[in-house]
Amino acid sequence: MATTTPSRGRRRAPSRMTRAAGKAAALQKPRVILALLLLLALTSVMLLDGYLRAEVGGDERVRSNASSSKVPDKVLDGGPILSFRGGEAQSQSVPEKTIALTFDDGPNPTWTPQILKILEENDVPGTFFVVGSMVSRYPSIVKDLVNQGNEIGIHTFTHVDLSYQSDDRIAREMDQTQLALAGAAGITTTLFRAPYSSEADAIDNYSWPVYKKLGEEGYTSVFVDTDSDDWKRPGVSKIIKWATPSKNKGASVLFHDAGGERSQTVKALGTYIKKMKAKGYTFTTISGAIRQTESANQQANGQTGQTAQNGQQPGSEQSEQAGGQVPGGQQGQQGQQQGQNGQLGQSGQVGGVNSLQAAHRTATGTTLYEGKALVAAVAVAEWTVPGLAAGLAVVGVAVMGRFGMMLILARRHYRQRNKRRFSWGPTVTQPVSVIVPAYNEKECIANTLESLAKSTHPIEIIVVDDGSTDDTSQIARDAARSFGMTNVRVIRQENAGKPAALNNGVRSASYDIVVMMDGDTVFEPDAVHQLVQPFADPEVGAVAGNAKVGNRNTIIGAWQHIEYVMGFNLDRRMYDLLRCMPTIPGAIGAFRRDAVLEVGGMSEDTLAEDTDITIAMHRGGWRVVYQEHARAWTEAPASLKQLWSQRYRWSYGTMQALWKHRKSLTDKGPSGRFGRVGMPLVVIFQIITPVFAPLIDVFTAYSMIFIDFKAALLAWLAVLGIQLVCAAYAFRLDREKYRYLLMMPLQQLAYRQMMYLVLIHSCITALTGGRLRWQKLKRTGEVGTPAGVS
């Protein structure tokens, strides 16, 4: 057993390493938070979009046939316009031969513009009771509607029956619609029409408190005199007939510009307007109708006041005004003046406000800015969610395609490599060098050397101690003596990282083939012999072995066992046949020594030196293959924290390696095969697809909660079933026990989510230009000789 003394030079101070590690940890924490915030933001966007479409918080209950015993008779028998001036309910009717056209449920991008065009062509205004969620989705239509001179009222934010809702929900429905109007058109409104309402005599004991509460807050509730029932799509002639008031009565007439297919409404509207104009009807808005009624009342009151001044004052008659009780004579003078001012045309202005839009208020301050923020957020959701849905559909198809391709190619690989007549060439019997890089491996190094002592293939062992601060070197020497091994060399070097240790081992190797393994790994007795047989083919430059999880007796270990067998080994079979294997596992891999030196050795440019060297071998024109029969047992991370650290390094290192070798995309010949085939596959299935995968789960959970639980659950179970089939086949090929597959559903719910977050974290680190140090995992030495693994 030979020992090489450490080279002279400056050693890296432990305190500096500690400070560097602390700094790296401090930089990583914000990125973890950013990764979680990104997922939270996307989830919030989905919930917002679902709320706008009434998938989140929707309530389809509609009350009917309730008693109206608590509703005042004057309201039930009154007109369609209900207000609460001074806290007392007051009903108003539309003047005779006057029609207030009202439209519910909009805006709609298809039907509302067509209706607006008809109104403009006929010089007729309308009052549109809009749904806040639709306003926030189509703000430009609302702006056009207002600019054209039409009036707007609130029809709640999500079109729910308010009689079933709490006071807080009612307030939200109103306030959110006001914000949507502020963001879309810079206004708020005092008009309100409840969803599912009709004539005033339909007010019941449950809806009456809602109208009263909103009235006290300054809202005017609007009902219907004449309903076109256009939502039933009865035909144009019936829509016109049903919308026509009886005799010469005035009417609040209901049409719909949204909520379904409205082509019959569009066809009927123009004809209806012309017919009613021919009968001598005029058209106005709800505010216009209110002003006409008030003007007529004020004129009458003005005449009464004049009579009172002439000594004919009705003794006790008084009128309630906003400022208190005003004597009849004074009220008469005020009423006469207001009556004269109230006789305005449809385009008349009062105080700079269009009289037809008297219900509108200019939005200012926080209301305006909050409204614009709401509209902007909805615009983001409107673009993001459909884009994500389309992207996830593509990802879903790609994932299913990948599963199918893996099964087909894995079967072909297995049958090809396990034929009796299959051979790589003449049996490789010459000795090889096994390189064991070690840094603080006192718990594992003895087990590693014990397993190599049982090798059926002639080997030399080079243990490269990378500046360990424990007794790794001495334990390795003692183990070699204990096992009677004369083929072990222990080389100590300054702490320089795993790539430097491997390069030191390659330079010190005595043989043409070098096997690389980790210091915590144990080999099966014939692992080295099986691993080096593909080198009988002169085109083969590197061989990947079959790494197994040794400490699989815990939940985390079992999850990783499934991942290794299915995710890694099935992949390697597929990549082997496609000749584009991206990674030779650090736990067990073999190389031609000259090929490693030819491509520049193990690089320190990335954290995934195994992926880096594998791609470099491809670009050097060498073939990289997978040898399933060469098995090694490794100690997987035992805690979630260690697992996160390991996978974070793997993910980030893989991204670094792909970026480093990006020019392989344009390489020609064998050098570019990885770039043409392997690079796209790795990017799609190891980066892009996993990044989107959390959203698939979020969409699934969202669908279960808000859309269709049974359908979403069946879809999730179907995908799980496909994965179980793939996993079971992988276990069969590797002759593993199926009992571990019982952990797979839980793995999908918990373990996979962590892997997604790790990848998102890595992507953020890459995008922000962060750098990571190689991280040493804490070992327990739990994995002993392969014979002890069950």
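No experiment lies behind these values; they were computed from the predicted model shown.
- Without hydrogens or angle criteria, Arg572 side chain to Gln627 main chain gives no donor-acceptor distance under 3.5 Å.
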side-chain contact (heavy atoms from CB on, under 4.5 Å) evaluation trace for Met566 with Met744: CA-CA 11 Å; Met566 178 186 174; Met744 195 165 182; 3.9 Å; yes
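- With hydrogens and angles ignored, the 3.5 Å screen pairs a side-chain donor or acceptor of Asn503 with a backbone N or O of Pro499.
- At least one side-chain heavy atom of Leu452 sits less than 4.5 Å from a side-chain heavy atom of Val434.
- A distance-only check finds no donor-acceptor pair linking the side chain of Arg411 to the backbone of Met406 [under 3.5 Å].
- Looking at Trp424 and Arg417, their side chains come closer than 4.5 Å, going by heavy atoms from C-beta outward.
- Residues Ile462 and Ile491 are in side-chain contact: their nearest non-hydrogen atoms beyond the backbone lie under 4.5 Å apart.
- Side-chain atoms of Gln560 come within 3.5 Å of backbone N or O of Pro637 as a donor-acceptor pair.
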Verdict with reasoning, Arg647 to Glu563, per salt bridge (charged side-chain N to carboxylate O under 4.0 Å, His left out): CA-CA 12 Å; Arg647 299 313 170 84; Glu563 181 185 28; 2.7 Å; yes
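- No donor-acceptor distance shorter than 3.5 angstrom exists from the side chain of His529 to the backbone of Ser455, with no hydrogens or angles considered.
- Annotation: side chain of Val432 is not in contact with side chain of Val514 (no heavy-atom distance under 4.5 Å).
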Test side-chain contact (heavy atoms from CB on, under 4.5 Å) applied to Ile435 and Asn504, step by step: CA-CA 9 Å; Ile435 304 171; Asn504 196 348; over 6 Å; no
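- Looking only at distances, a side-chain donor or acceptor of Thr448 sits under 3.5 Å from a matching main-chain atom of Thr521.
- Counted by atom type alone, Asp465 and Ser468 present one or more donor-acceptor pairs between their side chains at under 3.5 Å.
- Residues satisfying the side-chain contact (heavy atoms from CB on, under 4.5 Å) test with Ala501, not counting sequence neighbours, are Pro437, Val464, Asp466, Gln493.
- Contact detail for Leu681 and Cys580: the closest heavy-atom pair is CD1-SG, 4.3 Å.
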Ser433/Val515 under side-chain contact (heavy atoms from CB on, under 4.5 Å): CA gap, chis, key distance, verdict: CA-CA 6 Å; Ser433 301; Val515 173; over 6 Å; no
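- Checked by atom type, the side-chain pair Arg619/Ser664 shows no donor-acceptor distance below 3.5 Å.
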side-chain contact (heavy atoms from CB on, under 4.5 Å) between Met581 and Tyr626, worked out: CA-CA 8 Å; Met581 190 175 310; Tyr626 172 57; 3.5 Å; yes
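- Using a 4.5 Å cut-off on side-chain heavy atoms (C-beta onward), Val436 and Glu441 make no contact.
- Side-chain N/O atoms of His661 and Asp612 include a donor and acceptor closer than 3.5 Å.
- Taking each heavy atom of Trp622 and Pro538 in turn, the nearest pair found is CZ3-O, 3.5 Å.
- Summarising the geometry, atom CZ belonging to Arg649 is positioned 10.0 Å from atom OG1 belonging to Thr654; distances are rounded to the nearest 0.5 Å.
- Atom CZ of Arg676 has more than 12 neighbouring heavy atoms from other residues, nucleotides or ligands inside a 6.0 Å radius.
- Salt bridge annotation for Lys442-Asp470: absent, with no cationic side-chain nitrogen under 4.0 angstrom from a carboxylate oxygen.
- Ring geometry, His618 versus Phe674: the interplanar angle falls under 30°, so the pair is classed parallel (tilted spans 30 to 60°).
- Listed here is the closest heavy atom pair of Ile475 and Ala446: CG2-CB, 4.3 Å.
- Nearest heavy atom pair, residue Asn551 against residue Thr634, reads OD1-O, 3.9 Å.
- The backbone N or O of Leu607 sits less than 3.5 Å from a side-chain atom of Gln656, completing a donor-acceptor pair.
- The shortest heavy-atom contact between Ala527 and Ile588 is CB-CD1, 4.4 Å.
- Although no hydrogens or angles enter the test, the distance criterion places a donor-acceptor pair under 3.5 Å between the side chain of Thr614 and the main chain of Asp610.
- No hydrogens or angles considered: a donor-acceptor pair under 3.5 Å links the side chains of Thr583 and Thr611.
- Asp667 CG: more than 12 foreign heavy atoms inside a 6.0 Å radius.
- Note that CG of Leu409 is 7.0 Å distant from CE of Met574, once rounded to the nearest 0.5 Å.
- Side-chain contact check for Phe591 versus Val543: every heavy-atom pair is 4.5 Å or farther apart.
- Here the straight-line distance linking atom CD of Glu604 with atom CG of Leu502 works out to 10.5 Å at 0.5 Å rounding.
- For the pair Val549/Val565, no side-chain contact is recorded, criterion being any heavy-atom separation below 4.5 Å from C-beta on.
- A donor-acceptor pair under 3.5 Å is absent between the side-chain atoms of Asp518 and the main chain of Asp520, judged by distance alone.
- By the neighbour-count criterion of 12 heavy atoms within 6.0 Å, atom CD1 of Ile555 is sparsely surrounded, having that number or fewer from other residues, nucleotides or ligands.
- Among all heavy-atom pairs drawn from Thr606 and Ala657, the shortest one is CG2-N, 3.8 Å.
- A donor-acceptor contact shorter than 3.5 Å links the side chain of Arg592 to the backbone of Val540.
- Looking only at atom types and distance, the side chain of Asn440 has no donor-acceptor partner in the side chain of Thr472 under 3.5 Å away.
- Phe731 and Tyr738 have parallel rings, their planes meeting at less than 30° on a 0 to 90° scale where 60° marks the start of perpendicular.
- Within the model, atoms CG of Asp605 and CH2 of Trp659 stand 14.5 Å from one another, a figure rounded to the nearest 0.5 Å.
- Residues Arg489 and Ser508 form a side-chain contact, since some pair of their non-hydrogen atoms from C-beta on lies under 4.5 Å apart.
- Applying the side-chain hydrogen bond (donor to acceptor under 3.5 Å, both in side chains) definition to pairs two or more places apart or across chains, those involving residues 724-735 are Asn546-Asp734, Lys548-Asp734, Asn569-Asp734, Arg573-Asp734.
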